[in-house]
Asker: 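Mind having a look at this structure? Questions to follow.
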Amino acid sequence: MGAVAQDKRPRVAVLGSVDYVGDEYLEAVKAELDIEFLSSTSRQELQQELPRSIAQSGPVDALIVVADTPRFAPVNGELLSALAPHCRVIASAWAGYNEFDVSWMTSQGIWFCNTVDAVAEATADLAIFLTLSVVRNTYVAEKRIRAGGWYGGIVPTRDTAGMTLGIVGMGSIGKYLSVKAKTFNMKVKYYNRKRLSEEVEARCQAEYCSSLEELLSQADVVSINCPLTPETRSLISHAEFKLMKDGVFLINTARGPIVDEEALIAALESGKVARAGLDVFNNEPHINDYFKTSDKVVLQPHMGGWTTEAIRRAERECFENVLRWKREGKPVSPVNEV
């Protein structure tokens, strides 16, 4: 798809509010893009609003999604059929894109873009927080002191120094995590679909494992940082937990369904997994009651990238994808090829 004529402002629909990108930046963007903010807050509302907006104001060239996607999921042809055949770019403010039907978008000649780096460092920070929390057992200590007690009866915990952090998925988040883990003198190993270059491995000080099984057998802390795809759904289940060291720690800041929750609960109860730090779950926001009540789990409400700086970068990255498409015919960070 070629670049858009410079005298034409593509029509861009924005689903969700843009609260952090900044007025000055947004005004500059409006010089090149004709922006309309959609008001829908549910799948049913959007199925009605999109056709109505197109009938009133003309076809949409690009859709930016900054709203929470679970309420609209699945984001597929049934939901977005009114965009075809004119729309050329759909840009999401989120790194994960399992709610989006990228195959349908490709079939319609639509570039789909996620955010590559916007929320990566913030999510890595939360993974470090969860790692320290589970290794040092801070939840139980805090619970004790809030109940009026002190540390009596709490057994000593471990140092992170010298522990091996096993990263499953070495994308942007995994790379940030590996660098941050070195601050705590952890050894870093990783498993990825493709091995990183020697230069990147050296920068991250990370050692490659040629199989998931190899990584799981060597890690003291296993951190899940890969995207949710059909191939990674229940990637960590009963067989994988059996491969891990006794008393391993598990961190998941990626997507809940990558880890089989029933298998995780069994591993926690048996002691195979000492403690788990979870930012993501199956069936969010409806959390398994076990996680709510267990002292072996540290919980966060899927807020890995939930910082003002990360959201600002994500909003801008969405607009930059559309602007690059307008100027050069291809967005900055497409997931697919059209």
Side-chain angles (χ1 to χ4, degrees), residues 1 4 8-97 99-102 104-105 108-119 305-327 330-336:
M1 303 296 174
V4 179
K8 181 182 184 298
R9 286 197 308 159
R11 185 161 179 263
V12 180
V14 179
L15 181 61
S17 59
V18 179
D19 298 321
Y20 299 95
V21 74
D23 293 339
E24 184 177 345
Y25 176 85
L26 192 58
E27 287 305 311
V29 168
K30 287 180 178 178
E32 294 190 63
L33 304 176
D34 179 12
I35 299 173
E36 176 187 355
F37 287 91
L38 303 174
S39 60
S40 297
T41 59
S42 70
R43 181 181 177 85
Q44 183 178 5
E45 289 178 4
L46 186 60
Q47 283 179 303
Q48 297 172 356
E49 184 180 16
L50 261 182
R52 183 171 64 247
S53 172
I54 290 171
Q56 293 174 350
S57 304
V60 169
D61 296 286
L63 174 69
I64 289 176
V65 181
V66 293
D68 291 337
T69 49
R71 73 180 74 168
F72 300 97
V75 185
N76 58 9
E78 180 185 4
L79 178 66
L80 303 178
S81 59
L83 293 177
H86 194 84
C87 183
R88 288 294 169 261
V89 179
I90 295 177
S92 167
W94 311 108
Y97 52 90
E99 295 98 343
F100 292 86
D101 187 345
V102 180
W104 174 80
M105 296 173 197
Q108 301 299 312
I110 300 172
W111 298 101
F112 173 75
C113 309
N114 66 335
T115 55
V116 175
D117 199 55
V119 302
W306 203 243
T307 70
T308 56
E309 293 82 5
I311 297 169
R312 181 182 300 113
R313 289 191 295 268
E315 292 174 354
R316 290 195 176 202
E317 201 166 317
C318 286
F319 284 111
E320 292 302 320
N321 269 301
V322 178
L323 288 169
R324 176 73 66 84
W325 163 76
K326 173 188 180 293
R327 296 164 182 167
K330 184 176 181 178
V332 179
S333 58
V335 170
N336 59 343

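Quick caveat, the model's predicted, so the values are computed rather than measured.
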Asker: Could you pull out all residues at least two apart from Ser57 that satisfy side chain to side chain donor-acceptor pair (under 3.5 Å)?
Answerer: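 In terms of side chain to side chain donor-acceptor pair (under 3.5 Å), with neighbours along the sequence ignored, Ser57 is linked to no residue.
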Asker: Residues two or more places apart in sequence or in another chain: which of them pass side chain to side chain contact (heavy atoms under 4.5 Å, CB included) with Thr308?
Answerer: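 Only Tyr20 meet the side chain to side chain contact (heavy atoms under 4.5 Å, CB included) criterion with Thr308.
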Asker: Under the side chain to side chain contact (heavy atoms under 4.5 Å, CB included) test, which residues partner Asp61, sequence neighbours left out?
Answerer: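 Side chain to side chain contact (heavy atoms under 4.5 Å, CB included) check on Asp61 returns Lys8, Pro10, Arg11, His86, Trp325.
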Asker: How would you list, by chain and number, every residue that makes a side chain to side chain donor-acceptor pair (under 3.5 Å) with Asn114, sequence neighbours excluded?
Answerer: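 Counting only residues at least two positions away or on another chain, Asn114 forms no side chain to side chain donor-acceptor pair (under 3.5 Å).
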Asker: Please test Asn336 against Trp111 for side-chain contact (heavy atoms from CB on, under 4.5 Å), starting from the C-alpha separation and ending with a verdict.
Answerer: CA-CA 6 Å; Asn336 59 343; Trp111 298 101; 4.3 Å; yes
Asker: Considering residues at least two apart in sequence or located in another chain, which fulfil the salt bridge (charged side-chain N to carboxylate O under 4.0 Å, His left out) criterion with Asp68?
Answerer: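 Salt bridge (charged side-chain N to carboxylate O under 4.0 Å, His left out) list for Asp68, sorted by chain: Arg71.
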Asker: If you count the non-hydrogen atoms of other residues, nucleotides and ligands that lie under 6.0 Å from CD in Glu45, is the total more than 12?
Answerer: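 Counting other residues, nucleotides and ligands, CD of Glu45 exceeds 12 neighbours.
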Asker: Identify, with sequence neighbours excluded, every residue that meets salt bridge (charged side-chain N to carboxylate O under 4.0 Å, His left out) alongside Glu49.
Answerer: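 By the salt bridge (charged side-chain N to carboxylate O under 4.0 Å, His left out) rule, Glu49 matches no residue at all.
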Asker: Who are the side chain to side chain contact (heavy atoms under 4.5 Å, CB included) partners of Ala93, not counting sequence neighbours?
Answerer: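 Checked Ala93 against side chain to side chain contact (heavy atoms under 4.5 Å, CB included); matches are Val66, Ala314, Cys318.
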Asker: The criterion is side chain to side chain donor-acceptor pair (under 3.5 Å); which residues satisfy it with Asp117, sequence neighbours excluded?
Answerer: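 Scan of Asp117 (side chain to side chain donor-acceptor pair (under 3.5 Å), adjacent residues dropped) gives Tyr176.
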Asker: Counting distance only, does the side-chain N/O of Asn321 pair as donor-acceptor with the main-chain N or O of Pro334 below 3.5 Å?
Answerer: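 No.
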Asker: Holding to side chain to side chain contact (heavy atoms under 4.5 Å, CB included), I want the full list of residues that pass it with Thr69, two or more places apart in sequence or in another chain.
Answerer: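 Thr69 satisfies side chain to side chain contact (heavy atoms under 4.5 Å, CB included) with Val65, Trp94, Glu99, Phe100 once adjacent residues are dropped.
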Asker: Run the salt bridge (charged side-chain N to carboxylate O under 4.0 Å, His left out) test against Glu27 and tell me which residues pass, sequence neighbours left out.
Answerer: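 Salt bridge (charged side-chain N to carboxylate O under 4.0 Å, His left out) list for Glu27, sorted by chain: Lys30.
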Asker: For Asp19, check side chain to side chain donor-acceptor pair (under 3.5 Å) against everything at least two apart and list the hits.
Answerer: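 Partners of Asp19 under the side chain to side chain donor-acceptor pair (under 3.5 Å) test: Ser17.
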